[in-house]
Amino acid sequence: MTSRTDTPRRLARQGSPLLPLWAALAVAAGAGVLMDLAYPQAGVWVAAPLAAGLLLCALIGRSAAGALGVGAVFGVVFFALLVSWTSRYLGPVPWLALTVVQAALTAVGVIPLTLAYRWMPRVAPGRTGRMLLLPLLLAALWTGREILMGAWPYGGFPWARLGMTQAESPLATVSSWAGVSGLSFAIVFAVAVTIEWVRASGWRRPSSAVLPVAIAGVLMLVPAFPTTGSGTMRIGAVQGNGPSGYFDEREPGAIARAQAAASVAVEGEDLDLLVWPEGLDGDPFQDARLARELTGVAERAGAPLLANAATVVGDDVYNTSFLWDLPTGAAAPRRADVQTHAKRHPVPFGEYVPDRALYNALAPDLVGLIQREYTHGTDPPVVTVDGTPVGLAICFDVIYDDVIAESIRAGAQVLVFQTNNADFRDTDENLQQLAFARMRAIETGRSVVNVSTVGTSQIIAPDGTTVDSLPAGTAGALAADVELRTGTTPGVLLGPVLAGFILWGGIGALALTGVLSGGTRSRATDEPALTPAAGGVGS
């Protein structure tokens, strides 16, 4: 029987650090390495929940300053490894800048997690609070941080979401019910429940592991939400492997010629659609020679050509995908006569420079290299091929939920992702982006055609498996009868609503918990533990 005087001591133990600060920083660094291993090229999906668990353990009982340090170490190690490909051509400055910014946002973003560990046991000290309410709050705050970092600054960088690591995992199907953010939430919830079970000495009584085992079992066994087959579309995808990098030396028209040469392999395949990747040498709406070349390719393939180029409209330049299906000998058409979609989220500091005057003053040599200034597109990410809506995402847009959801709401029965990975040859960027494309197939219940200038290009089935593939650095073409699907998964339909609820619900719940617990008032649980049971000292 527990006396009333035992309760403060028990709460003190719960609120004290599991690890001294030096050990917590080392664990955070290890968590950063593990989290990177969850992404391709390694792609060890189980490393992601393990990394999340280590980071949560390092945050238990920390002060705000201690949590800031833990988050900074985790963020620096993780992002330095994850986005090392940004240094491929421009050197260490962009890589360091992106790493530092993302690490700083991560460091600030984990402080609410340590506050949750401090405040929730005061408000709900019983088993329900520890095993349910605290994990729910932690999952909401973790996922909320991902959502905010995916939206700010300059449109955000949602590349590093926990849910995106699970393309090869049995957990991936959860995204079809709850979206990618919902999958992040589910993983962190399961991890937090397991940590609390262990902290309650549950490991000494394996029979008490009913809740964590049940949660893990449900997440691993949940089937994908069923979408409905609606026939097939024979699609050819061409990987020209031409000189399509920003700094590649090339003669005028070299990219289009490389793509046209590789397209010969699928002539006579009775295609419904031929797809080229992101990027050409000119604007076919203003260049009659390029327009005739595209028309010739479409005629020889016997199918409309979905291609992409930088196009000019007045004073604006857009990264534009377009469906090219013109009569023989047609000159460059008016843009209004062709189905187009302009990239919704141009890459900051890659496809445009926000606040150019400011950054030009800081790094004029680097900023001066980026001459293009793409405008954000506003038109729907979908084109119609012989009555069938085809959803689009151009390169970086694959990581933005709003673009994918809009295409599905517009009726897309198959998704086509066009990208140019030439600036990141021989790095993990290509495989990371391919894994995100695979997650989108599972989340939406749609086939995905992911076509790159230099690879890896793949046709992906609605369950995320590979139908056909071309390795990186190889010129070639794919052709397959791609399954069409209709129906909207809950992950697409409710994903944005759920993400908003998670973000604002987590913030609101933390604020309410802080008020009910007495906020930042000094209490025994905030001080370094003085008993061996606390498991460590420091902040």
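These values consider heavy atoms only, across backbone and side chains, with no hydrogens, waters or symmetry-generated copies.
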Measure from the ring center of [X] to the ring center of [Y] and say whether it is less than 6.0 Å.
X: H376; Y: Y318; value: no
X: Y400; Y: H345; value: yes
X: F436; Y: W159; value: yes

Query - More than 12 heavy atoms from other groups under 6.0 Å of CD on Q41 - result: no
Query raised in the report: Within a reach of under 6.0 Å around CH2 of W95, are more than 12 heavy atoms found that belong to other residues, nucleotides or ligands?
Result: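 No.
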Strictly distance-based, threshold 3.5 Å: is any side-chain N or O of [X] a donor or acceptor partner for the main-chain N or O of [Y]?
X: R145; Y: L141; result: no
X: R344; Y: G377; result: yes
X: H341; Y: P380; result: yes

Report task. Only one of L133, L134, L512, T513 passes side-chain contact (heavy atoms from CB on, under 4.5 Å) with V123; say which it is. Result ->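 Answer after filtering L133, L134, L512, T513: T513.
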Between the side chains of [X] and [Y], is a donor N or O closer than 3.5 angstrom to an acceptor N or O?
X: E146; Y: S184; answer: yes
X: S176; Y: E443; answer: no
X: R485; Y: T227; answer: yes
X: R161; Y: T143; answer: no

Rounded to the nearest 0.5 Å, what's the gap from [atom1] on [X] to [atom2] on [Y]? Could you check?
X: Y154; Y: F349; atom1: OH; atom2: CZ; result: 5.0 Å
X: F225; Y: T488; atom1: CZ; atom2: OG1; result: 8.5 Å
X: L171; Y: W45; atom1: CG; atom2: CH2; result: 5.0 Å
X: F417; Y: N450; atom1: CZ; atom2: CG; result: 7.5 Å

Flag the pair [X] and [Y] as a salt bridge only when some basic side-chain nitrogen lies within less than 4.0 angstrom of an acidic carboxylate oxygen.
X: E196; Y: R130; value: yes
X: R440; Y: D401; value: yes
X: R88; Y: E429; value: no

**Report entry** Distance-minimising heavy-atom pair for L498 and A178
**Finding:**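 Looks like CD2-O, 3.5 Å.
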Report task. Could you walk me through whether Q458 and R438 pass the side-chain contact (heavy atoms from CB on, under 4.5 Å) test, one step at a time? Result -> CA-CA 9 Å; Q458 287 191 351; R438 182 166 287 108; 2.5 Å; yes
Query raised in the report: So do the side chains of V83 and W85 get within less than 4.5 Å of each other, counting heavy atoms only?
Result: yes
